Amino acid sequence: MTDWTDPDTFAQALEQAETREKGNYFENFEEGDLIEHDPGLTLTRWGNEQWMGQTLNHDPAYWRTDAAEARDFDEPPIHPDYLTAATLGITVEDLSEKGGYFLGRTDVRFPEAPVYAGTELHVESEVVDTATSSSRPEYGIVSWRTRGKDPETGDVLCSYERTNMIPRREPVATDGGATAEEDDEPTLPETFVTPEGGYFEDFVDALERADAENAAVAYRHERGRTQDDVTVASLPLATLNTAKQHHNVDEMADSPSGSIVTYGDVTRSTALGHARSDEQTWREVGFDDESFHTFVAVGDTVYAFTRVLQAADDASSDEAGTVRFQHIAFNQDDEPVYSGTRTAEIQKRSN
Ligand SMILES: C/C(=C\C(=O)O)C(=O)SCCNC(=O)CCNC(=O)[C@H](O)C(C)(C)COP(=O)(O)OP(=O)(O)OC[C@H]1O[C@@H](n2cnc3c(N)ncnc32)[C@H](O)[C@@H]1OP(=O)(O)O
C-alpha cells in the first residue's frame, strides 16, 4: 500500500495537488462592489491592553477608571488605534490576503462617543477605485471605503478609505511608470521650535513663536520600539489580520522584503504612542494622507517625528482645543516608514 507520508511520495503528491486558494486577485474587484466581511471580533479589554501596551500607548484614561472618568468616559474605552487596526484586520481575508502592499489610508474618522469593551465589531467595505499600477505590471491598485459598525446600534465606530497594491491573476502591459524627476533641494525652515509642554496652549504658543521667526514647530520623540515576534506576528493575528506578510516567513522569503514585516497599523500606532507620550491627548478626531513608505521588519526600531501644523479653539469640549499634526515614523537608519496627518483634541492647561 502506498505510504503517502513517505517524503518522495509526499513531494509528488504536493506537485499533483491543487491548492485551495485564499484571498482575491485584482481582477475580482469592481468599483461599487459591497463586501460584508465574515470575520468579526469582540473588542475586549485584554485585546485593547495588549495592543496599547506593546505599542507604548500609555494614556491613563485607557487604563485607569479614575483617569477615564476625568475625561467623561464611563470606564477605560477601546483605544482608537486598536479599533482602527481591528477594523482593518477583519477585512484582510477578503481584500488583501492574496498579497500586495498596504500603501495608504485617508479619512479615518471616529464618532465623538467612546467605544467600550464588549462591543462586537462588524465590518463592510465598498470598492471605490481600481487602477493599473504603471510601474508594476503584476499588480493593480485598489481602494476601498471601510466601515466598522456596532451591529446592536448600527453606529459606525470607525471608517476610512484604504489603498493597497493587489496581485493580478494575469500581469498586464504597462508604461513602466514615470521616470523619477530630480528632487529639488530641500527647503526646510532654519529654525525648529519645540513646544514647552504637551497642553493645547503649548502648541498654540509654539505655533505663534514659529510664525514670528519664520520657523516650523517640529521635533522628535525620544522613545523607540524595536520590532519583535509579538509586534510583527502576534498583534496583527489578534485582529484576525490574515496577511501572510506578518506571519509566514516561508512565503515571504521570496518577496521584496525577504521576510515578514510589521503590520502598518502597528508601525503607526507605535509612532503615535511616542508622540502622545509628549502631549495631553483628550480625544482622537481622525487621520488623513497616511502612507507607508517602506517595510519595517523584526529587528527594526520605530521612532517618531512630529510637526505641528495648526491649532484651533474649536474642540468638542471646552476642556480641549483641536491640533493638527503631521507624524512621521522612521527607522534606525532615519528612513521614513510612515507618515500621516492627525487631528486630535488636546487638553487645555487650565483644567
Ligand atoms: C495590512 C497590511 C497588508 C494588507 O493590507 O494585507 C500591511 O500592513 S503590509 C505592511 C505595511 N505596508 C508596507 O510595508 C508597504 C511599505 N511600502 C513600500 O515598501 C513601497 O511603497 C512599495 C514596495 C509598496 C512600493 O514601492 P515603489 O514602487 O517604489 O512605490 P511607489 O512608486 O511610490 O508606488 C507604487 C505605486 O503605488 C501608488 N501609490 C503609492 N502610495 C499610494 C497611496 N497612498 N495611494 C494610492 N496610490 C499609491 C503609486 O502612485 C505608484 O503607482 P504607479 O505604479 O502607477 O506608479
Side-chain angles (χ1 to χ4, degrees), residues 22-26 29 35 37 39 55 81 84-108 123 125 128-146 160-168 171-181 183 227 231-233 235-248 251-252 255-271 287-298 300 302 328-331 335-341:
K22 290 283 178 214
N24 285 301
Y25 285 99
F26 173 77
F29 296 106
I35 303 148
H37 305 293
T55 55
D81 288 4
T84 308
T87 302
L88 196 154
I90 287 167
T91 69
V92 167
E93 179 174 334
D94 293 324
L95 305 188
S96 53
E97 183 168 345
K98 193 49 90 193
Y101 311 93
F102 178 16
L103 293 172
R105 189 172 48 194
T106 198
D107 202 22
V108 185
V123 184
S125 299
V128 291
D129 195 40
T130 59
T132 295
S133 164
S134 46
S135 60
R136 293 171 182 251
E138 67 278 27
Y139 291 97
I141 296 173
V142 185
S143 300
W144 307 273
R145 157 73 49 190
T146 293
Y160 59 77
E161 192 175 312
R162 157 191 178 214
T163 300
N164 270 57
M165 274 196 172
I166 297 294
R168 287 178 179 274
V172 290
T174 69
D175 63 11
T179 27
E181 282 172 29
D183 277 350
Q227 298 301 292
T231 54
V232 174
L235 290 187
L237 286 170
T239 68
L240 310 190
N241 177 338
T242 53
K244 60 183 110 184
Q245 284 103 319
H246 313 308
H247 62 259
N248 189 335
E251 270 279 334
M252 293 305 287
S255 73
S257 60
S259 192
I260 52 175
V261 299
T262 306
Y263 176 17
D265 268 329
V266 170
T267 302
R268 58 90 93 160
S269 182
T270 303
F287 296 82
D288 289 285
D289 302 319
E290 297 194 288
S291 277
F292 295 94
H293 303 278
T294 192
F295 302 114
V296 176
V298 172
D300 285 342
V302 175
I328 300 173
F330 63 99
N331 64 19
E335 290 171 311
V337 295
Y338 158 88
S339 62
T341 59

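In what follows, residues are counted from 1 in the order of the sequence shown. Order of listing sets the numbers, starting from 1, for every ligand and every atom in it. Given the structure is predicted, the values throughout are model-derived calculations rather than measurements.
Considering F29, Y101, F26, F102 in turn, F102 is the only one that fulfils the side chain to side chain contact (heavy atoms under 4.5 Å, CB included) rule with N164.
Inspection of the R162 and S125 side chains reveals no N or O donor paired with an N or O acceptor under 3.5 Å. Neither side chain, T242 nor E93, offers a donor N or O lying under 3.5 Å from an acceptor on the other.
Residues T87 and T146 are in side-chain contact: their nearest non-hydrogen atoms beyond the backbone lie under 4.5 Å apart. Contact annotation: the side chain of I141 never approaches that of R136 to less than 4.5 Å [non-hydrogen atoms, C-beta and beyond]. At least one side-chain heavy atom of P256 sits less than 4.5 Å from a side-chain heavy atom of F295. Residues M165 and S133 have side chains in contact (heavy-atom distance under 4.5 Å, counting atoms from C-beta outward). Inter-residue side-chain proximity for L237 and H246 is flagged as unmet; no heavy-atom pair is nearer than 4.5 Å. Under the 4.5 Å side-chain criterion, counting only non-hydrogen atoms from C-beta, T91 is not in contact with W144. Side chains of T270 and T231 form no contact here, defined as non-hydrogen atoms less than 4.5 Å apart. Using a 4.5 Å heavy-atom cutoff, the side chains of D300 and T262 are not in contact.
Distances from ligand 1 to the non-hydrogen atoms of T262 include at least one value under 4.0 Å. Using a 4.0 Å cutoff on heavy atoms, E97 does not count as a contact of ligand 1. Proximity of R162 to ligand 1 is established by a heavy-atom distance of less than 4.0 Å.
Every atom of ligand 1 is numbered from 1 in the order shown, and the set under 4.0 Å from a heavy atom of R136 is 23 (C), 25 (C), 26 (O), 27 (P), 28 (O). Applying the 4.0 Å criterion to heavy atoms of H246 picks out, from ligand 1, the atoms 1 (C), 2 (C), 7 (C), 8 (O), 9 (S). Under a 4.0 Å criterion applied to the non-hydrogen atoms of A243, ligand 1 contributes the atoms 6 (O). The ligand atoms of ligand 1 that sit less than 4.0 angstrom from a heavy atom of G104 are 44 (N). Interface of I141 with ligand 1, defined as ligand atoms under 4.0 Å from a residue heavy atom, comprises 36 (C), 37 (O), 38 (C), 52 (O). Numbered from 1 in the order shown, with element, the atoms of ligand 1 that lie under 4.0 Å from a heavy atom of S96 read 4 (C), 5 (O), 6 (O).
When heavy-atom distances to ligand 1 are checked against a 4.0 Å cut-off, D265 has no atom that comes that close, whether in backbone or side chain. If you look at N241 next to ligand 1, the close heavy atoms, those under 4.0 Å, all belong to the side chain. Looking at T163 against ligand 1, only its side chain comes within 4.0 Å, counting heavy atoms. The proximity of T267 to ligand 1, defined as any non-hydrogen pair under 4.0 Å, does not occur for either the backbone or the side chain. Here Y101 has side-chain heavy atoms under 4.0 Å from ligand 1, and that is the only part of it that gets that close.
For Q245, no nitrogen or oxygen atom sits less than 3.5 Å from a nitrogen or oxygen atom of ligand 1, counting backbone and side chain alike. Among the atoms of M165, none of the N or O lies under 3.5 angstrom from an N or O of ligand 1. Where the criterion is an N or O separation shorter than 3.5 Å, residue side chain and backbone included, Y263 fails it with respect to ligand 1. Between G264 and ligand 1, at least one pair of N/O atoms sits closer than 3.5 Å. The N/O atoms of G100, backbone and side chain alike, include none that comes under 3.5 Å of an N/O atom in ligand 1. Residue S133 places at least one N or O, backbone or side chain, under 3.5 Å from an N or O of ligand 1. For ligand 1, one of its N or O atoms has an N or O atom of N164 under 3.5 Å away.
Distance alone, capped at 3.5 Å, places no donor-acceptor pair between the K98 side chain and the R168 backbone.
R105 forms no cation-pi arrangement with F287, by the criterion of a distance under 6.0 Å to the ring centre and an angle within 45° of the ring axis.
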